[in-house]
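Encoded as structure tokens, here's the structure I'll be asking about.
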2 protein chains.
Amino acid sequence: MSVNGVIAAYIHVRVMLEGRMPARQTSRPRARQTPKARSYHHGDLRRVLIDAALQLAAEGAEVSVREAARRAAVSPGAPFRHFPNRDALMAAVAGEAQRRFRAEIEGAMGEAPVADPLGRFRAFGLAYLRWAMRNPAHFEIISTGRYFAHGSSAELTRDNAELIALTERILAEAAEQGLLRPADLKRIQIAGRALVYGFARMNLDGHFPRWGVEEGEIERMAEGVIDLFIAGIAKP
Amino acid sequence: MSVNGVIAAYIHVRVMLEGRMPARQTSRPRARQTPKARSYHHGDLRRVLIDAALQLAAEGAEVSVREAARRAAVSPGAPFRHFPNRDALMAAVAGEAQRRFRAEIEGAMGEAPVADPLGRFRAFGLAYLRWAMRNPAHFEIISTGRYFAHGSSAELTRDNAELIALTERILAEAAEQGLLRPADLKRIQIAGRALVYGFARMNLDGHFPRWGVEEGEIERMAEGVIDLFIAGIAKP
DNA sequence: CCATTATGTAATCATCGATTACATTTGGAG
DNA sequence: CTCCAAATGTAATCGATGATTACATAATGG
């Protein structure tokens with residue numbers, strides 16, 4: 001094993017152990033021709049940290065700053081150059097997850113007929129639940145507010161308000177077209193949201209086994225629950 | 001300052017810093033006449049730890065084994081004589097909280113007229129939500145399954161199953177009396193639970209500010225949401 | 001070209017859950 | 001009553017984590 005090999009192995013071990021990438025370049029202090037080669041500065045560490053944290057969450061692992069740093073092959077203190085604390089990182093992660101959530105829902109809404117408010121309402125609920133059940137860790141992060149202070153992610157707040165406004169418009173249309181039994185619209189809106197949120201969280205929090213609902217039945221049950229609710233608010 | 005004074009001050013500092021209560025008795029190695037005086041053995045540390053943890057949760061603080069030990073004036077390792085790990089402590093805490101939750105709900109149900117299934121269903125939902133909103137930290141612990149492995153608290157599992165069976169009976173009675181629109185009972189049951197669970201968690205997770213619902217309106221909104229749901233499943 | 005700023009590293013702290021070896025108490029067998 | 005074993009608490013220690021500080025290196029713009 002050459003001297004460089006030994007050094008490389010040493011670096012590898014350190015990377016395995018702690019994820020640190022020593023500043024030492026094996027040769028040529030300035031490798032101009034390969035700007036992609038990891039240099040002392042990372043490139044876009046902020047972005048990479050968010051992605052690493054998202055992936056950690058998706059794997060069901062606990063999101064720790066150090067682990068994200070390890071995956072970015074960077075020292076444990078480096079993330080704090082981009083986020084004042086762990087919560088700020090989580091807020092950024094939540095912002096990204098919420099963006100995807102909103103995109104998914106709005107995509108599904110685009111396929112529902114504009115002229116059918118209750119159909120759109122149903123599509124909203126279904127898209128909401130499908131995403132929540134297929135991205136449980138991300139849904140947890142954006143909904144719980146346990147990982148960072150409320151409102152510390154402007155993106156999350158904005159996208160959330162947008163989704164609330166969307167259901168508000170849909171229900172208003174349904175009411176205008178005389179599709180609803182008489183009831184306070186805000187109450188319907190909140191009840192509907194509580195229903196899907198509660199269903200998503202029952203899944204997330206592992207309640208369904210004790211309700212005797214098998215894994216494969218959950219999506220069908222979600223549909224049934226939404227339909228039950230809509231039948232309850234719709235004019236007979 | 002006397003020598004004993006110095007020792008007392010030293011002890012005090014250690015208690016302040018780490019919450020440890022040294023075994024050293026200022027005199028009389030065996031104080032028979034006061035069995036309550038803290039001796040080397042604690043008496044019922046297990047119980048005290050659970051209560052300390054419950055109180056920590058109620059204060060909104062993070063529940064840590066060390067902090068519970070501090071409050072019990074015991075060394076950081078002592079709790080592990082009673083709980084194999086942190087999760088086991090949390091499971092015991094959850095068991096205790098769930099016991100209170102069930103007692104509260106069954107108490108409220110006792111006041112509802114037996115002959116009115118839908119009224120009992122409504123009372124169940126209201127009691128559920130009231131307790132959840134007035135004991136947010138306890139509700140969080142018993143519902144989330146984030147603090148300990150599923151099913152590691154037999155008490156929690158049993159009480160939970162009991163509550164599920166209760167709503168099942170109530171709905172069956174309602175159906176027998178012809179009070180319900182035709183629908184799958186299990187679907188109604190799960191939808192109802194998702195509704196109240198979702199509402200409770202929206203409150204817990206701080207969603208209501210962004211829905212424009214003030215603190216004082218929440219209980220009224222809870223009532224409205226439950227009534228909306230019942231009106232939806234009841235035969236017109 | 002150089003200085004200012006941005007970004008990463010190294011070293012260090014306090015806290016936490018957990019484990020181990022040791023100390024003290026308690027309770028039962030003889 | 002005595003003595004020993006089991007139960008229970010203490011002390012010391014480990015590894016992981018979030019966080020902070022001083023320092024090193026790169027990037028940028030006048």
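Residue numbering restarts at 1 for every chain, and letters A, B, ... go by the order of the sequence lines. All values below were derived from every heavy atom in this structure, side-chain atoms included, with hydrogens, water molecules and symmetry-related copies excluded.
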Item to check | From dT7(C), dG9(D), dG17(C), nucleotide with atom closest to S75(B) side chain | outcome: dG9(D)
Next on the checklist: OP1 or OP2 of dA6(C) versus the side-chain N and O atoms of H82(A): is any pair under 4.0 Å?
Outcome noted: no
Next on the checklist: Donor-acceptor pair, distance only, cut-off 3.5 Å: does the side chain of T144(B) make one with the backbone of E140(B)?
Outcome noted: yes
Checklist entry - Any idea which of dG17(C), dG9(D), dA19(D) is nearest the R66(A) side chain? => result dA19(D)
Checklist outcome for this item: Winner on side-chain proximity to F80(A), out of dG18(D), dT8(D), dC16(C), is dG18(D)
Checklist entry - What's the closest nucleotide to the R70(A) side chain, out of dT17(D), dG9(D), dT9(C)? => result dT17(D)
Next on the checklist: Nearest to the V74(A) side chain among dT9(C), dA19(D), dT10(D), which nucleotide is it?
Outcome noted: dT9(C)
Next on the checklist: Over 60° means perpendicular and under 30° means parallel, so tell me whether F101(A) and F139(A) are parallel, tilted or perpendicular.
Outcome noted: perpendicular
Item to check | Nearest-Å distance for atom pair CZ/C1', residues R46(A) and dT7(C) | outcome: 14 Å
Checklist entry - Do we see a donor-acceptor contact under 3.5 Å between the side chains of E104(A) and Y128(A)? => result no
Item to check | Side-chain (H207(A)) to main-chain (R201(A)) donor-acceptor, under 3.5 angstrom | outcome: no
Checklist outcome for this item: Side-chain atoms of A78(A) come closest, of dT9(C), dT17(D), dT10(D), to dT9(C)
